[in-house]
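Input: a single structure, listed below in structure tokens.
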Amino acid sequence: MEFQYRDKYVATEEPIIIGLPHEPARMENYEEVDTLLGGQMDAIIKEDVLSTEFSAVTTTGVTIQRDYRKVIAIGLGAIDKLDSVRLSEALGRMFQFMKDTDTVRGQILLDTFPVDMDMLAEAVGIMAEISVYEFNTYKTDQAPLFSEEAMFSITSSEAVEERISRYRKVGAAIAMARNFSETPPNIMTSEHMADKIAAIFRSHPYVTGEVKSAEALEEEGYGLINAVGKGSQAKPRLVTIEYRHPEAEGHRPIALVGKGITFDTGGYSIKTKTGMPEMKYDMSGAANVIGMIHAISEMSLPVHVIAVVALAENMVDGNAMRPDDVYVSYSGQSVEIKNTDAEGRLVLGDAVFHASQYSPSLIMDFATLTGAVVAALGTERTGVFTNKDASFLAPLVEMTKHTGEEIWQLPISEIEEQNVRQSQVADLTNHVEKPGRASFAACFIKQFANGTPWIHFDIAGTGTSDKETPYGPKGATGVMIRTIVKLFETGDVHE
């Protein structure tokens, strides 16, 4: 999608696209828009030709200099309720309407949106990328993507181009993560994903990276990643990307860690025929972490970040791990395998401990980890766990109010600490047949944080959506990218 920028309305053949609040007189350019509507704005709204109802999209026609022009209005509802989240949702519906109606040209009058222009420009930049996201499929008759054909004029009395362009980078990073997750697993293998990540970051300023091969992982003692990946012909990889802005020199990094199971059969604890489809999404944690550091580096944020993604395919063959096996982790702790379908916590154990070797001030990991978190919180909230007290999460919770990516803290206590040590033959066990499995899985990962402050995000319910939302289509969501990038942008994360 291309944008052109103007500082005032210019009569063209393009449809006119406006925001329409309950109180239209509070528009910055009310008189101009009323004139375009022939002085009939109030009457048109009263007759429900155009609706001010939140997120409703309505259309009408007007005659301007004897030429017919189409007007598209997105309802904004009450202005005092129009925060960043509702604004994003309204814009998402607006862009989706234009995609659904094949409206590939238009002039968007930003001054009709009576909100802070910085907030509006940010939302336009992100939603232009993600609300109309489409995966470029492998169909032989794939139609051109809307985003490749669309070109809109942005009209604003304030300069907005720089800010919109800035936040399109966040939207593009979310789209990148979705592309990783949507790619079929016979293509997006652990090896291919590692190569693709390396290619993406090869020319980024302030970025260095490393990809550990299966041979290196075995030689260096990453026993848990190898245990999960050794049953597949596509061998595991551990990818580390470091972004260090010169202004962050001397600051300890923050580590972002992602679970990258490129396909999960469950191993010998095999999934059911209904449980295995869509397991290509089991690498969404890793995909989203790559999206996060890509946006951070593209925006040139003055921070120091380590991104670590553990990539493996959980398959079945004569060399695959079995229940009752014992493996030694990179941390030196031994782990008894009681369920080969509890593999995500294993690769994260090695990856989180690997991240701790960089002496970060904070480790955050992201994983489609447990069905239990979905049972507890549904599909609208991400489960969050930490080895600190609840107040430690306050800045993060506050940030989600801006992004709409809701999180909910779940507990880790002495109950889980005892349960992860129930093995009679090893230091830890990866599974117990007890309720509270989301907390158990989080506690298992906690054993590898090496004393570093740590936050675990279980995105099993939020990493995908089973329906279209204002934020995009059914499928991968790129959840938490917007929140984490905003946290790095606005918070003093290195304190």
So, applying side chain to side chain donor-acceptor pair (under 3.5 Å) with Asn419, which one of Gln422, Arg421, Glu416 is it? Gln422

Taking only residues two or more places apart in sequence or in another chain, which ones pass salt bridge (charged side-chain N to carboxylate O under 4.0 Å, His left out) with [X]?
X      : result
Arg237 : Glu191
Glu336 : Lys338
Glu398 : Lys401
Lys486 : Glu122, Glu489

Are the side chain of [X] and the backbone of [Y] linked by a donor-acceptor contact shorter than 3.5 Å?
X      : Y      : value
Glu134 : Phe146 : yes
Gln96  : Ser131 : yes
Thr370 : Val373 : yes
Asn450 : Ser356 : no
Tyr268 : Asp317 : yes
Thr368 : Ile459 : no
Arg437 : Lys434 : yes
Thr189 : Asn186 : no
Asp458 : Gly383 : no
Asn288 : Gly258 : no

Can you tell me if [X] and [Y] form a side-chain donor-acceptor pair at under 3.5 Å?
X      : Y      : result
His304 : Glu249 : no
Asn314 : Thr265 : no
Ser391 : Asp389 : yes
Glu182 : Asn179 : no
Thr382 : Thr462 : yes
Glu417 : Gln447 : yes
Thr400 : Thr483 : no

Compare all side-chain heavy atoms of [X] with those of [Y] and state whether any distance is below 4.5 angstrom.
X      : Y      : result
Val328 : Gln333 : no
Leu87  : Val85  : no
Ile130 : Phe95  : no
Met119 : Asp83  : no
Ile241 : His294 : no
Ile290 : Phe180 : yes
Arg178 : Ile174 : yes
Phe263 : Asp282 : no

Are Glu343 and Lys259 within salt-bridge range, i.e. N to O under 4.0 Å?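 Lys259 and Glu343: salt-bridged.
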
Closer than 4.0 angstrom, basic N to acidic O: yes or no for Glu242 and Arg244?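 Between Arg244 and Glu242 there is a salt bridge, with a charged N closer than 4.0 Å to a carboxylate O.
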
Restricting to non-hydrogen atoms, name the atom on [X] and the atom on [Y] that form the minimum distance, rounded to 0.1 Å.
X      : Y      : value
Ile108 : Phe152 : CD1-CB, 4.2 Å
Trp454 : Ala442 : CH2-O, 3.2 Å
Leu120 : Leu110 : CD2-O, 3.6 Å
Ala286 : Leu311 : CB-CD2, 4.1 Å
Ala287 : Ser181 : CB-OG, 3.6 Å
Ser84  : Arg482 : OG-NH2, 3.9 Å

Separation of [Y] [atom2] from [X] [atom1] (nearest 0.5 Å):
X      : Y      : atom1 : atom2 : value
Leu238 : Glu210 : CG    : CD    : 7.5 Å
Arg252 : Leu362 : CZ    : CG    : 10.0 Å
Leu348 : Ile445 : CG    : CD1   : 4.5 Å
Glu433 : His431 : CD    : NE2   : 3.5 Å

Let me see the working for Asp264 and Lys271 under side-chain contact (heavy atoms from CB on, under 4.5 Å), right down to the final yes or no. CA-CA 8 Å; Asp264 183 18; Lys271 294 181 182 292; 3.2 Å; yes

Residues that [X] engages under side chain to side chain donor-acceptor pair (under 3.5 Å), provided they are two or more places apart:
X      : value
Asp325 : Arg322, Tyr327
His354 : Tyr222, Thr240
Thr429 : none
Ser329 : Ser331

Looking at [X], I want to see if its [atom1] is surrounded by more than 12 non-hydrogen atoms of other residues, nucleotides or ligands under 6.0 Å.
X      : atom1 : result
Ile415 : CD1   : no
Glu218 : CD    : no
Glu414 : CD    : yes

Distance-only criterion, 3.5 Å: show the donor-acceptor pairs between side-chain atoms of residues 463-476 and protein atoms not counting sequence neighbours.
unit_1: Ser465; atom_1: OG; unit_2: Lys467; atom_2: N; d: 3.3
unit_1: Ser465; atom_1: OG; unit_2: Lys467; atom_2: O; d: 2.7
unit_1: Thr469; atom_1: OG1; unit_2: Tyr471; atom_2: N; d: 3.0

The criterion is ring-ring contact (aromatic ring centres under 6.0 Å, His included); which residues satisfy it with Phe113, sequence neighbours excluded?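 Phe113 satisfies ring-ring contact (aromatic ring centres under 6.0 Å, His included) with no residue once adjacent residues are dropped.
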
Test: salt bridge (charged side-chain N to carboxylate O under 4.0 Å, His left out). Region: residues 219-228. Which pairs qualify, not counting sequence neighbours?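 For residues 219-228: Lys212-Glu220.
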
So is Arg168 actually on top of Phe3's ring, under 6.0 Å and inside 45° of the axis? yes

Side-chain donor-acceptor distances from residues 193-207 under 3.5 Å, at least two apart:
unit_1: His204; atom_1: ND1; unit_2: Ile200; atom_2: O; d: 3.2
unit_1: His204; atom_1: NE2; unit_2: Glu298; atom_2: OE2; d: 3.2

